[in-house]
Amino acid sequence: MKLNYKRTVCVGFAFFLICAFWQAYDNTVPLIFTNKFGMSQTWSGVIMALDNILALFMLPLFGAISDRHNSKLGRRTPFILIGTIVAAVLFVGLSVADNIQLKNISGVSGIDDPAALEEIYAVEANASLMTPDGEQFVLCERFSKEEFAAIRSTAADGTTDSDYTNYVVPARQAYAWQVTASNPATLVFFIGLLLIILVSMAIFRSPAVALMPDVTIKPLRSKANAVINLMGSFGGIVVLVLGMVFATGAVRNSMMSYTVYFSVISGIMLAALLIFMLTVREPKFVKEMQEQSAAFGIDEQVDPTAEPARRLSRDELRSLVFMLASIVLWFFGYNAITSKYSVYATNILHKDYNFTLIIAQAAAILSYLPVGIIASKAGRKKTILAGVAMLTVAFAAAGFMRDGSPTVLMNCLFALAGIGWATINVNSFPMVVELSSGADVGKYTGIYYTASMAAQVATPMLSGMLMDSFGMTILFPYGAIFAALSFVTMCFVRHGDNRPVAKRGLDALDIDD
């Protein structure tokens, strides 16, 4: 019994383009909301939760719809094709709304322009503002107009000037919010366009993920999921490298236009879709999986017109509930970090977030295949618990990092977090779909994503409110607490682990698997 790695890589191009989109979305959209529209972390978190609110309903819905769908292209491929094209095209259009808002605040968009700083000062001199680490201040009490206009984004030693991030950035954001509040049409246009894009992504996410178990025999799904996640990490790392090329994390580019950057991301998505369409023959692959399952005595019949043949026992249902609770909790911690880190790194650490996240992705990429192999030997549950422990330690230690802390240490902590997250991701989805039959894989995929998205609805808002109340430094302790709680709930999971299958014939001599 061997995994067809070439086929799995081809299937993984769907996840590649999904992760490329979400990496760009998570890194840039929060910056647009805070820097250009002047939103607080709380309201930015509310808008960032929109995709997850949609996903709560749409992922299980379209997962189940794709279970029942039947076409020449297969059950999942039509959703991937249509959803990707719409999202990629409209993502470029999102930069149009961003450029309109940039024009609205053009008077204060000059990063080191004294005239821009004087205009900000004239409007915000008496406003009560807050630095990124939670210090309250009144601008006119902290600086004279001349002193404020003399602040530059880069200090004499070439690092980011703390006065700029602590005082200029909050003042500019307050000015931008006043402009937005007086003329909200641009914000409404931006959010409306974003909503359509998010719907397009939600349409095909469950079908894309469900395709892996559709074409992979059950005992090999952890290994296959490792490959799929590897492809997703490649998508994310490509976007992070582009972020370094375009310097999206640099303070000097906080008011940049994203048109070219978004266009490149969309091009990458469409190129990945083309490769997927040219190499994946879904009906053929599904048929071959069914034949292989039958040869090993595994019941894996897929009939999109039939009702699911299998019901969960009480113990299995209990395990599923604890599994879903664990998914909710670790996504509470992890998504808070990923959705806010670009803002946190810019304002607290004064570091380029792209390189640190590349370290995490690279560590994950190196971990996926070994983790899949380890899980096939040690079991999925034990492997997940090890990953949760690594994630908790990494977040807890990162909470002590500040401006001036060793960059190499932060990179090591993110590498540990990347390994931990890879360990969790490779095994959690297969544990959920292990409880399914072939006819309802899409349904269980939707259940898995409903749990993860439920967390991602709440955590950007909750973490944003805490950051507004106590400062940005609360972010990593928040992530560590929820990761630790997921370790507790995961201990109660008793089903969904690997099912050993006896090898037959010459396969019994194969010790690689």
Side-chain angles (χ1 to χ4, degrees), residues 24-55 86-87 89-111 113 116-130 132 139 168-202 248 253-259 261-262 339-340 342-343 346-347 456-465 467-469 472:
Y25 174 85
D26 284 340
N27 288 349
T28 56
V29 173
L31 292 175
I32 291 173
F33 280 136
T34 55
N35 290 335
K36 296 176 182 176
F37 289 101
M39 283 186 171
S40 66
Q41 294 298 328
T42 300
W43 282 107
S44 172
V46 169
I47 303 300
M48 289 295 290
L50 273 177
D51 64 302
N52 305 314
I53 294 172
L54 287 170
V86 174
V89 171
L90 292 184
F91 194 48
V92 179
L94 195 66
S95 68
V96 175
D98 174 59
N99 288 336
I100 293 172
Q101 178 64 10
L102 189 58
K103 184 177 180 181
N104 292 341
I105 59 172
S106 59
V108 299
S109 62
I111 298 300
D113 180 7
L117 298 185
E118 288 178 2
E119 184 172 343
I120 293 172
Y121 191 92
V123 176
E124 304 298 335
N126 296 305
S128 178
L129 305 171
M130 188 174 73
L139 194 57
V168 174
V169 171
R172 178 183 280 115
Q173 290 174 353
Y175 183 101
W177 177 247
Q178 288 182 249
V179 172
T180 301
S182 63
N183 182 22
T186 305
L187 178 60
V188 172
F189 175 47
F190 186 91
I191 294 175
L193 198 57
L194 189 64
L195 189 64
I196 299 172
I197 295 171
L198 296 178
V199 168
S200 302
M201 293 298 298
T248 58
N253 285 333
S254 58
M255 292 289 152
M256 69 181 286
S257 168
Y258 287 103
T259 300
Y261 177 71
F262 283 5
S339 64
K340 298 292 185 182
S342 61
V343 178
T346 301
N347 292 283
Q456 293 175 79
V457 166
T459 198
M461 295 184 282
L462 179 57
S463 61
M465 287 188 290
M467 291 166 74
D468 283 336
S469 299
M472 293 187 182

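Sequence positions, counted from 1, serve as the residue numbers for this chain.
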Any side-chain to backbone donor/acceptor pair from Asp468 onto Thr42? Under 3.5 Å, distance only.
yes
Could you grab the distance from atom OG of Ser44 to atom CE of Met461, nearest 0.5 Å is fine?
11.5 Å
Let me confirm one number: the CG-CZ distance from Leu129 to Arg172, rounded to the nearest 0.5 Å.
13.0 Å
Testing the basics here: between Gly110 and Ala116, what is the closest heavy-atom pair and its distance to 0.1 Å?
O-CB, 3.7 Å
If the condition is side-chain hydrogen bond (donor to acceptor under 3.5 Å, both in side chains), which residues does Ser257 pass it with, not counting sequence neighbours?
Asn99, Thr259
Evaluate the side chain to side chain contact (heavy atoms under 4.5 Å, CB included) criterion for residues Met39 and Leu187: first the C-alpha distance (whole Å), next the side-chain angles of each, then the deciding distance (0.1 Å), finally the verdict.
CA-CA 10 Å; Met39 283 186 171; Leu187 178 60; 3.7 Å; yes
Given side chain to side chain contact (heavy atoms under 4.5 Å, CB included), test Leu193 with Leu90 step by step and report yes or no.
CA-CA 7 Å; Leu193 198 57; Leu90 292 184; 4.2 Å; yes
For Ser40, all residues meeting side-chain hydrogen bond (donor to acceptor under 3.5 Å, both in side chains), sequence neighbours excluded:
none
Which value, rounded to the nearest 0.5 Å, describes the distance between Ile100 atom CD1 and Ile105 atom CD1?
13.0 Å
Can you see which heavy atom on Ala87 is nearest to which on Met201, and at what distance?
CB-SD, 3.6 Å
Sequence-distant partners of Glu124, side-chain hydrogen bond (donor to acceptor under 3.5 Å, both in side chains), two or more places apart
none
Is the number of heavy atoms from other residues, nucleotides or ligands under 6.0 Å of Trp43 CH2 greater than 12?
no
Of all the heavy-atom pairs spanning Leu94 and Phe262, show the shortest one and how long it is.
CD2-CE2, 4.2 Å
Value for CZ (Phe91) from OH (Tyr261), rounded to nearest 0.5 Å, stands at 7.5 Å
Show me, pair by pair, the donor-acceptor contacts under 3.5 angstrom made by side chains of residues 27-37, not counting sequence neighbours?
from: Asn27; atom 1: ND2; to: Gln23; atom 2: O; distance (Å): 3.3
from: Thr28; atom 1: OG1; to: Ala24; atom 2: O; distance (Å): 2.5
from: Thr34; atom 1: OG1; to: Pro30; atom 2: O; distance (Å): 2.9
from: Thr34; atom 1: OG1; to: Leu31; atom 2: O; distance (Å): 3.4
from: Asn35; atom 1: OD1; to: Gln173; atom 2: NE2; distance (Å): 3.2
from: Asn35; atom 1: ND2; to: Leu31; atom 2: O; distance (Å): 3.4
from: Lys36; atom 1: NZ; to: Asp98; atom 2: OD1; distance (Å): 3.1
from: Lys36; atom 1: NZ; to: Asp98; atom 2: OD2; distance (Å): 2.9
from: Lys36; atom 1: NZ; to: Met256; atom 2: O; distance (Å): 2.4

Shortest non-hydrogen pair, Ala176 vs Gln101, comes out as O-NE2, 4.3 Å
Approximate separation, where rounding is to 0.5 Å, of Ser128 OG and Leu139 CG
11.0 Å
Could you tell me which residues satisfy side-chain contact (heavy atoms from CB on, under 4.5 Å) with Ala125, sequence neighbours excluded, listed by chain and number?
Tyr121, Cys140
Could you name each residue pair satisfying side-chain hydrogen bond (donor to acceptor under 3.5 Å, both in side chains) that touches residues 185-197, not counting sequence neighbours?
Asn104-Thr186
So Leu462 and Thr459, side chain to side chain contact (heavy atoms under 4.5 Å, CB included) or not? Walk me through it.
CA-CA 5 Å; Leu462 179 57; Thr459 198; 5.5 Å; no
